[in-house]
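Every chain is numbered from 1 and lettered A, B, ... according to where its sequence line falls, protein lines coming before strand lines.
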Number of protein chains: 2
Amino acid sequence: MESPRAPATLADVAEQAGVSRQTVSNAINNPDLLRPDTLARVQAAIDALGYSPNHAARQLRTRSSRLVGLRLTPSQEFTANMAMDRFNRSLVEACREVGYHVLLFSGGPAEEGQRPDPLGGYDDLLRSTAVDAFVVTDTYLGNPQTSGLARRRAPFVAFGRPWDDPGARHPWVDVDGAAGVRLATEHVHGLGHRRIAWLGWEPGSWIGEDRRAGWHAAMDDLGLMTAGLEAAVADDVLEGGRAAAALLDVEEHRAPTAFVCASDTLAVGARGALADRGLVPGRDVAVVGFDDSQVAQVLGLTSVRQPLEAVAVAIVRALTDLLSGEPSPAEGLLLAPSLEVRASSGSSDSERA
Amino acid sequence: MESPRAPATLADVAEQAGVSRQTVSNAINNPDLLRPDTLARVQAAIDALGYSPNHAARQLRTRSSRLVGLRLTPSQEFTANMAMDRFNRSLVEACREVGYHVLLFSGGPAEEGQRPDPLGGYDDLLRSTAVDAFVVTDTYLGNPQTSGLARRRAPFVAFGRPWDDPGARHPWVDVDGAAGVRLATEHVHGLGHRRIAWLGWEPGSWIGEDRRAGWHAAMDDLGLMTAGLEAAVADDVLEGGRAAAALLDVEEHRAPTAFVCASDTLAVGARGALADRGLVPGRDVAVVGFDDSQVAQVLGLTSVRQPLEAVAVAIVRALTDLLSGEPSPAEGLLLAPSLEVRASSGSSDSERA
DNA sequence: TTGAAAGCGCTAACAG
DNA sequence: CTGTTAGCGCTTTCAA
């Protein structure tokens with residue numbers, strides 16, 4: 001159990017077990033090639049010496065690092081940050097199960113004034129063969145780096161659809177935001193709400209448009225009006241509050257009785273606007289957020305939750321397919337989110353019209 | 001700019017530049033050994049071929065992976081999670097600046113019923129020489145793994161004091177929680193508050209005791225009474241709310257006018273208790289949280305903020321010292337947090353007694 | 001200042 | 001089924 005200064009090598013194990021180095025290598029990589037008794041002897045020597053194959057040597061020989069690169073994006077919105085943390089954990093765990101590790105890197109500081117290099121950090125890792133593949137997550141504003149990576153023939157899987165490039169042929173996994181918002185909309189509809197407002201982001205983000213589309217489609221399918229029930233603002237509590245206030249401050253029979261929001265941040269703003277008017281979320285007016293962030297959990301806010309554990313597993317599967325040269329069965333995979341129902345959308349006891 | 005299927009090697013560069021392989025190696029690792037014109041020629045070849053040294057080969061030769069291992073803990077409390085995300089980002093960035101990358105790993109699933117192996121995941125990485133060192137972060141409940149790592153002579157730096165082992169001789173960096181709470185206490189005192197309550201965790205956590213001690217010492221120094229102004233509960237909104245309510249529901253001249261809390265979660269609970277009584281945080285009663293989490297930022301909650309960027313930088317410095325064999329200048333380093341003042345502790349216009 | 005030789009620890013390919 | 005040979009790409013001697 002003592003730990004030697006210099007870790008044991010294959011040769012040490014071979015000597016200890018009285019076999020050749022190659023046999024030890026086989027014992028590890030192709031155990032079925034060995035006779036059971038030889039295997040047992042080698043195993044015993046491995047255990048006795050506490051041997052683990054030297055990572056660098058193996059990598060050099062097999063040209064595989066069993067490392068997946070993941071770039072940490074500088075820092076997104078509050079809510080997205082929290083989601084990324086959950087995703088990272090899931091990814092590490094999913095990778096572990098197939099014998100991979102996650103290598104974190106950053107794109108370096110964004111140069112003053114200019115946009116950060118979309119490929120910053122990727123290139124070096126690629127050329128030094130430090131990682132086998134990448135997981136690309138920051139596709140929320142289009143995919144500047146996926147095309148670059150594809151051009152370099154770098155193996156990668158994206159978390160996020162190639163919104164701006166339907167012809168992209170790389171594997172990806174994404175969460176169906178529209179379906180999530182539809183879930184939220186139908187949920188409050190089931191509670192009796194009919195004037196269901198959408199509190200969304202300013203146009204221009206793919207994700208934002210997708211989520212809004214989910215609301216709009218759900219409203220259509222439910223035969224509900226959407227006119228005058230919509231706001232688009234920056235992802236900010238104050239802005240969200242103001243927008244919600246503006247929607248509320250109309251004749252009472254036209255005011256929304258439910259808010260479905262593009263983010264938990266906006267939902268918090270809506271909550272505030274309600275409180276200012278003496279309305280109680282969940283009793284008087286329903287509020288639903290998006291991302292099931294810490295705020296949602298702490299404030300009892302109903303929220304759409306992305307299945308990030310499943311996303312990570314799917315990404316790792318796509319990654320292993322990719323690296324084993326298999327023809328990827330599906331180009332892209334869209335996963336459905338779920339709804340975490342909390343007090344902010346408590347069941348209503350009376351129908352509303 | 002085209003990327004070749006097989007990355008360029010040292011030999012390719014040497015041929016292109018018309019020098020020996022060794023000269024190219026020197027150009028990269030000891031540029032001052034070369035004549036300027038040779039260096040320039042080699043540099044040009046490197047750029048032309050887009051060469052980066054093969055990571056595995058270099059690692060095999062130099063016995064250094066330039067990788068730092070960081071174990072992702074299963075999942076802590078809400079608030080700590082968010083902090084860890086910020087720390088991870090900072091660590092990745094600090095590592096990048098000294099040419100290191102961060103390798104994420106997990107301890108594996110905790111076996112049903114039994115506590116997770118404190119050294120889970122560490123051993124393999126160590127013996128396979130996959131990482132040069134570790135950053136150990138989950139020291140919040142004592143340091144089960146630091147002693148094990150020390151015994152194995154694994155280089156590591158801890159984020160967190162060796163609470164339970166004053167004789168530990170490994171380098172560490174920590175945030176002075178007591179000083180943070182003192183800051184908070186003095187802040188509300190400066191606002192005119194005199195009956196300042198502590199809403200803390202149940203005894204048993206080192207960090208919790210430390211934070212509480214900060215409140216107690218500050219109160220003593222300010223000549224304020226602490227009797228009947230203290231509660232200890234689990235880190236949970238409901239529990240925090242109940243405890244705050246109990247503290248508030250006494251004769252008015254004995255009720256606290258300020259709450260200093262061990263976490264943002266508890267602070268949210270306190271806020272709720274205030275709202276139930278028609279009291280407005282920041283106007284009637286001050287509330288201060290801890291960790292400057294998303295909730296604090298979104299709700300306008302004054303909170304103690306840990307200097308995680310500085311922690312990461314200090315850890316990386318300690319790490320490089322350690323790996324370069326320098327005698328670590330200081331065994332441990334304690335960093336002071338700051339206070340993010342927000343609406344929940346707005347300045348009071350009238351003195352309170 | 002530059003070049004030649006050796007070898008880090010491992011596994012792929014073949015021979016026995 | 002086991003052993004031998006060769007070499008992945010790099011850096012560390014040591015010579016020129």
Short side-chain N/O contact to D:dT2 OP1/OP2 from A:Ser20, under 4.0 Å: no

Give, ordered by number, those residues of residues 32-43 of chain B having at least one heavy-atom distance below 4.0 Å to an atom of DNA chain C; if nothing qualifies, reply none. B:Leu33, B:Leu34, B:Arg35, B:Thr38

Kindly indicate whether the side chain of B:Pro53, heavy atoms from C-beta on, has any atom under 4.5 Å from the side chain of B:Ile28. yes

Should B:Glu309 and B:Arg89 count as side-chain neighbours, where that means a heavy-atom distance under 4.5 Å? no

Run the ring-ring contact (aromatic ring centres under 6.0 Å, His included) test against A:Phe156 and tell me which residues pass, sequence neighbours left out. A:His170

Student check: side-chain heavy atoms of B:Val68 and B:Asp132 closer than 4.5 Å: no

For B:Asp12, enumerate each residue passing the salt bridge (charged side-chain N to carboxylate O under 4.0 Å, His left out) test, keeping only those at least two apart in sequence or located in another chain. none

Under 4.0 Å protein heavy-atom contact, by nucleotide of nucleotides 10-16 of chain D - B base, S sugar-phosphate only: BBB----

Output for pair (A:Thr23 OG1, A:Asn30 CG), nearest 0.5 Å, gives 11.5 Å

Does the side chain of A:Arg21 come within less than 4.5 Å of A:Thr9's, by heavy atoms? no

Excluding sequence neighbours, so at least two apart, what forms side chain to side chain contact (heavy atoms under 4.5 Å, CB included) with A:Asp124? A:Arg127, B:Ser52

Relative to each other, are the rings of A:Phe87 and A:Phe159 parallel, tilted or perpendicular (30° and 60° limits)? tilted

Do B:Leu319 and B:Tyr100 touch side chain to side chain, with heavy atoms closer than 4.5 Å? no

Nucleotide C:dG3, atom P - distance to CD of B:Glu15 in whole Å: 14 Å

Does B:Arg317 CZ have over 12 foreign heavy atoms under 6.0 Å away? no

Value in whole Å for how far the P atom of C:dC10 lies from CD of A:Gln59: 14 Å

Can you pull out how bent the helix from C:dT1-D:dA16 to C:dG16-D:dC1 is, comparing the axes over its first five and last five pairs, to 10°? 30°

For A:Leu49 and C:dG9, what is the distance between atoms CG and C1' respectively, to the nearest whole Å? 15 Å

Just the rounded figure in Å: distance from P of C:dC10 to CZ of B:Arg127. 13 Å

